[in-house]
Every structure is written in structure tokens, then in C-alpha cells.
Amino acid sequence: MKIVDQIRNGDISAYEKIYNQYYGSLCFFAKKIVGDMDKARDIVQEILVKLYTDRETLQINISLKSYLFKCVYNASLNSIKQQKVRSLHHEYLKRYSPVSDDHDLVVKAELEEMVRGTIEQLPPQCRRIFKMNRYQGKKNSEIAEELGISIRTVETQISKALAVLRVTLADFLPTLLIVMIA
């Protein structure tokens, strides 16, 4: 414990000796726990700085090596816990943030209105076939049978409606994709 007494008395050379002797192995130990060498270095740096700044009140009842590894172990676990809390908080904000939700709702409502308006602008038979297919979930064969037309006519009318929607909504596609992904 002679070296600990030297540190308590402010002996810089004793502190440098500890730093040079343990820094590398403490960093590798912390990296095994936190999985990131930069974070591990930060943790070890904090422990070694604290060792020096709190030198006057330093109470070590075990070997200095055991003390340092125990400090690094605890600080590494705390770092992991803090990162998990941050991640959960960010995920919560992303999911439940009223600003983005309100904005997304407004964008979705505007897009739905554009789609609805575009569909209403379609020729009557095209509009009817498209609504039967997309809103009522009917198959092309069911629509053809119900309306007394060929399946090919149904397919052509649905393709026409989709083409008009693509042209009308082309400028809004990036926004639509962002809203749908979020």
C-alpha cells in the first residue's frame, strides 16, 4: 500500500507509475464489457482521474490492482445501463413524440385527401372498378362477372387508375414513403 500512500500525498511520479502500469490492461478489460475501445478508454480515464482528484480521501482496503479493476467493472456496467436508458428514451420520443405524430397525421390526411380527390376525378367506370378492387377487396374476376365485362377490361381500368394516381402523386412520393416508414 506504499504507492497508495504516495498518491494520497500527491506524488505525481507514483500516479504516473500506476497509469503506465494499468492503463492498457484496464482499457482491454473495459472493452470486453462495453464492446467499444473508445468508450473503454473514456471509462478508464475517468477512473484514473478520479483516483488522483480524490486522492486525499482515498480508502482502498484491497490491492490497488483489484480496486482499479473493480472500479472499471462498475463504471463499465453503469455505462451500459446509461446507454440502455438513453436508447429507450430516444425510442420512446421517436414513437410518442406529439410533434412528429401530429405532423405525420397531417401529412397522411393531406395525402389521403389527394388520393380520394384523384379517384373521384376518374371516369365513372374506371372509378367504380378501382373502388371495387381497392376498397371492397374484390378480385378482377368477381368485378368482371358483376359488371358483365371482360377481365382484361377490368385490368386495363385498374392500370389506368393507378397510372393517374402515380402521375398525380409523383411529387409527394418521397413524403409518402417517409410517412409510411416512420
Side-chain angles (χ1 to χ4, degrees), residues 24-47 49-50 69-182:
S25 57
L26 290 171
C27 286
F28 285 111
F29 179 66
K31 183 191 179 288
K32 285 182 182 179
I33 299 168
V34 297
D36 177 71
M37 188 52 112
D38 289 334
K39 185 66 179 165
R41 287 184 185 117
D42 290 343
I43 290 169
V44 172
Q45 193 72 21
E46 286 177 31
I47 295 299
V49 167
K50 187 170 171 52
F69 276 88
K70 186 174 183 174
C71 288
V72 168
Y73 177 78
N74 290 334
S76 297
L77 291 181
N78 286 339
S79 174
I80 291 170
K81 287 178 190 173
Q82 289 171 352
Q83 184 58 42
K84 284 182 182 177
V85 168
R86 276 190 222 107
S87 294
L88 288 172
H89 181 68
H90 287 164
E91 186 62 34
Y92 177 84
L93 287 176
K94 208 162 96 178
R95 252 186 219 187
Y96 300 106
S97 175
V99 173
S100 67
D101 283 348
D102 289 346
H103 175 70
D104 290 350
L105 289 174
V106 169
V107 171
K108 283 179 184 178
E110 288 175 358
L111 288 170
E112 285 174 4
E113 186 57 37
M114 286 186 74
V115 169
R116 202 174 2 264
T118 302
I119 292 169
E120 291 305 317
Q121 299 285 323
L122 294 171
Q125 184 178 10
C126 185
R127 179 176 57 237
R128 183 174 182 199
I129 291 171
F130 186 79
K131 284 182 175 181
M132 290 172 79
N133 180 261
R134 298 299 191 211
Y135 296 152
Q136 297 172 13
K138 293 186 178 183
K139 295 180 182 176
N140 293 356
S141 58
E142 293 172 327
I143 298 168
E145 186 178 322
E146 189 175 321
L147 298 178
I149 56 177
S150 72
I151 293 176
R152 182 70 184 132
T153 302
V154 172
E155 292 170 352
T156 301
Q157 294 299 314
I158 291 172
S159 293
K160 225 187 258 189
L162 290 172
V164 170
L165 283 169
R166 270 193 294 277
V167 169
T168 304
L169 301 175
D171 293 338
F172 298 94
L173 187 58
T175 305
L176 179 62
L177 289 174
I178 290 169
V179 169
M180 293 178 84
I181 290 170

Taking every non-hydrogen atom, the tightest pair across Ile33 and Ile80: O-CD1, 3.4 Å
Point-to-point distance, once rounded to the nearest 0.5 Å, from CG of Asp36 to CZ of Arg41: 9.0 Å
Test item: Gln83 and Ser87 side chains (from C-beta on) under 4.5 Å apart, heavy atoms: yes
Residue from Met132, Gln157, Glu142 passing side chain to side chain contact (heavy atoms under 4.5 Å, CB included) with Leu147: Met132
Between CD1 on residue Ile119 and CE on residue Met114, distance to nearest 0.5 Å: 12.0 Å
Side chain proximity check, Val164 to Phe130, heavy atoms < 4.5 angstrom: no
Closest heavy-atom pair and its distance - Ile43, Ser79: CD1-CB, 3.9 Å
Spacing of Ser159 atom OG and Arg152 atom CZ [to the nearest 0.5 Å]: 7.0 Å
Ionic contact status for Lys39 with Asp42, cut-off 4.0 Å: no
Distance (rounded to the nearest 0.5 Å) between Glu155 CD and Lys160 NZ: 14.0 Å
Heavy-atom pair with the smallest gap, counting every atom of Ala40 and Cys27: CB-O, 3.5 Å
Lys/Arg N to Asp/Glu carboxylate O, Glu146 vs Lys139, below 4.0 Å: no
Crowding at OH, Tyr73 (>12 non-hydrogen neighbours, <6.0 Å): no
Ser76 vs Phe29, side-chain contact (heavy atoms from CB on, under 4.5 Å): CA-CA, chis, key distance, verdict: CA-CA 9 Å; Ser76 297; Phe29 179 66; 5.9 Å; no
Chi angles and distances behind the side-chain contact (heavy atoms from CB on, under 4.5 Å) call for Leu162, Arg134: CA-CA 11 Å; Leu162 290 172; Arg134 298 299 191 211; 3.1 Å; yes
Gln121 CD to Leu165 CG distance, which is reported to the nearest 0.5 Å: 11.5 Å
Distance-minimising heavy-atom pair for Arg127 and Leu122: NH1-O, 3.0 Å
